[in-house]
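Worksheet: the structure to be examined is printed underneath.
Values reported hereafter were calculated over all heavy atoms of this structure, with side chains retained and with hydrogens, waters and symmetry mates removed. Only a predicted model underlies this, so the values are computations on that prediction, with no experimental measurement involved.
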Amino acid sequence: MSRRRSQVAKTQVRFVKRHNTTCAVRDAKRNHPQSRRTNVGHLSLREPFSPPEDWHEPHGEGGDYRVVVQQPGSGYRHVVTPDEVRDRLAALPAEFLTELEVVQLSRITRKKQSFPCYGMQWGSTLYLYPLEDSLVETFMTPPPATFFNEAKMYGGEWRQDKTTWTLHWTQEAIRDFYLNNILIHELGHLLDERNSSYVDRERYAEWFAVRYGYRASGGDQARRPNRQVRRRHHAK
C-alpha cells in the first residue's frame with residue numbers, strides 16, 4: 001500500500017462554496033467567504049463539520065474501477081453519465097487508473113447544500129457532485145479571478161446583478177467542465193504521491209487538469225473554434 005494510501009484521512013478536499021440563499025445569509029454573517037472554490041486542505045473528512053458521504057475504503061487490489069450512481073436529490077441533476085466518465089478516463093494512459101477503485105456520482109443532501117462541492121477525492125475514490133437543475137449557480141461575493149477565468153475557459157457565463165453573481169452553464173459546457181477539469185483534477189490528487197502540503201498538492205492537481213484535461217481535449221481552440229482574432233497593426 002502506498003504512502004498516500006496509508007494517509008487517506010489527510011487527503012485533498014476540493015470544496016466549493018456554491019451558496020443557496022440560506023447558505024449565503026449564514027456565511028455572510030460569519031466569514032464573508034470570497035470564493036466558492038474554498039479548500040480546507042489536508043484534514044480528516046470525517047470531522048463533524050464535513051458533509052456526510054459514503055466512504056469507500058481502499059482495498060488495494062487494483063483492477064477495474066466501478067462507477068456508483070446515487071440519486072442526485074431534489075432540484076439537482078448529474079451533469080455526466082457513467083459512460084461519459086468511463087470514456088473520458090479510457091482516453092488517459094492506463095497506468096493513471098491502476099489505483100482508482102470507485103467513481104461515485106453522489107447525492108445532494110440538506111447538509112451538503114450548506115457545504116457543497118463539485119468534486120472530491122478520498123482514498124481511491126473520486127466523488128462528483130450534482131448541479132442545480134437550472135444549471136445556474138449563485139454567489140453572494142465576487143468570484144476570485146482564478147475561478148472566474150477557469151469557468152470562462154470551459155464556457156461558463158458570468159452575470160452580475162448589484163452584489164449577486166450568477167454563473168450560467170449550458171449542458172455542453174458543464175459536461176466539458178466536469179469531464180475535462182473536475183474529474184481530471186481529482187484524479188491528479190489520487191496520483192500525487194510526492195506532495196504533502198496543501199499548496200503543493202493543489203498546484204499539482206491544477207497542472208494535471210490543464211495538461212491531461214483542458215489541453216488534451218483541444219484547449220482554447222476546441223472550445224472557441226470560430227473566435228475572431230483581432231490583430232494589431234502598427235501605423236506606417
Side-chain angles (χ1 to χ4, degrees), residues 4 11-16 18 37 53-54 56 58 62-72 76-108 116-133 135 137 146-147 149-157 167-193 201-225:
R4 174 185 47 72
T11 52
Q12 168 65 26
V13 187
R14 197 185 193 201
F15 283 110
V16 185
R18 186 174 67 241
R37 194 170 291 278
E53 189 52 87
D54 293 337
H56 301 278
D64 191 24
Y65 62 90
R66 57 193 177 96
V67 179
V68 176
V69 181
Q70 299 178 337
Q71 290 298 319
Y76 288 82
R77 67 164 88 172
H78 290 306
V79 297
V80 295
T81 67
D83 285 343
E84 288 171 338
V85 169
R86 286 192 175 278
D87 287 346
R88 183 62 189 89
L89 292 178
L92 296 169
E95 59 267 25
F96 287 178
L97 309 180
T98 56
E99 293 192 8
L100 177 62
E101 296 178 6
V102 180
V103 177
Q104 178 170 297
L105 305 184
S106 291
R107 69 174 71 86
I108 281 289
C117 56
Y118 287 135
M120 179 173 66
Q121 173 258 331
W122 187 86
S124 58
T125 300
L126 308 183
Y127 298 86
L128 299 179
Y129 291 91
L131 210 66
E132 291 85 347
D133 273 331
L135 299 186
E137 303 176 75
T146 51
F147 177 53
N149 292 329
E150 184 183 44
K152 289 182 64 177
M153 284 169 56
Y154 289 88
E157 179 186 352
L167 177 55
H168 299 250
W169 297 98
T170 64
Q171 180 60 42
E172 180 181 3
I174 193 61
R175 183 187 297 113
D176 182 22
F177 183 63
Y178 267 64
L179 292 176
N180 293 304
N181 185 12
I182 304 302
L183 177 64
I184 309 302
H185 180 105
E186 302 309 331
L187 181 63
H189 281 309
L190 173 62
L191 295 173
D192 185 7
E193 297 185 351
R201 282 180 57 82
E202 189 64 18
R203 183 182 294 116
Y204 178 85
E206 293 291 351
W207 168 83
F208 191 85
V210 171
R211 170 65 178 83
Y212 293 102
Y214 187 75
R215 292 179 181 172
S217 58
D220 183 70
Q221 182 58 37
R223 291 163 177 84
R224 298 175 179 83

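Closest approach of P130 and P72 over heavy atoms only: CG-O, 3.6 Å. In terms of heavy-atom proximity, H78 sits nearest to S106 at CE1-O, 3.0 Å. The minimum heavy-atom distance between S217 and A222, with the atom names listed, is O-CB, 3.6 Å. Closest approach of S124 and L190 over heavy atoms only: CA-CD1, 3.8 Å. Considering all non-hydrogen atoms of both residues, P82 and V69 come closest at CG-CG2, 3.4 Å. Closest non-hydrogen pair, R88 versus N180, comes out as NE-OD1, 2.6 Å.
Ring pair F147/Y118 is tilted by interplanar angle, where 30° to 60° counts as tilted.
Side-chain atoms of Q121 come within 3.5 Å of backbone N or O of G123 as a donor-acceptor pair. Y127 contributes no side-chain N or O that, together with a main-chain N or O of C117, makes up a donor-acceptor pair within less than 3.5 Å.
Pairs passing the salt bridge (Lys or Arg N to Asp or Glu O under 4.0 Å) check and including a residue from residues 174-184, sequence neighbours excluded, read E84-R175, D176-R223.
You'll find the side chain of L128 stays beyond 4.5 Å of the side chain of V79, heavy atoms only. When side chains are defined from C-beta on, N181 does not count as touching Y214, because their heavy atoms never get closer than 4.5 Å. Contact check for L135 versus H168: no side-chain heavy atoms found under the 4.5 Å cut-off.
If you run side chain to side chain contact (heavy atoms under 4.5 Å, CB included) between L183 and each of L92, V85, V80, only V85 comes through. Across E137, E132, E157, a single residue satisfies side chain to side chain contact (heavy atoms under 4.5 Å, CB included) together with W169, and that is E137. When each of V67, V68, L126 is tested with Q104 by the rule side chain to side chain contact (heavy atoms under 4.5 Å, CB included), just one qualifies, namely V68.
Distance check, rounded to the nearest 0.5 Å: CG of L105 to OH of Y178 gives 10.0 Å. Atom CG of L191 sits about 8.0 Å away from atom CD of E193, to the nearest 0.5 Å. Here the CD-CE distance, from E186 to M120, works out to 8.5 Å after rounding to the nearest 0.5 Å. Of the inter-residue distances, the one linking I174 atom CD1 with L131 atom CG reads 5.0 Å to the nearest 0.5 angstrom. Here OG1 of T125 is found 6.5 Å from CD of E101. Values are rounded to the nearest 0.5 Å. One finds the OG1 atom of T81 at 7.5 Å from the CG atom of D87 (value rounded to the nearest 0.5 Å).
Heavy-atom contacts from other residues, nucleotides or ligands closer than 6.0 Å to CZ of R86 number more than 12.
For the side chain to side chain contact (heavy atoms under 4.5 Å, CB included) test, residues two or more places apart in sequence or in another chain that qualify with R211 are W207. Residues passing the ring-ring contact (aromatic ring centres under 6.0 Å, His included) test with F208 are F96, Y212, sequence neighbours excluded.
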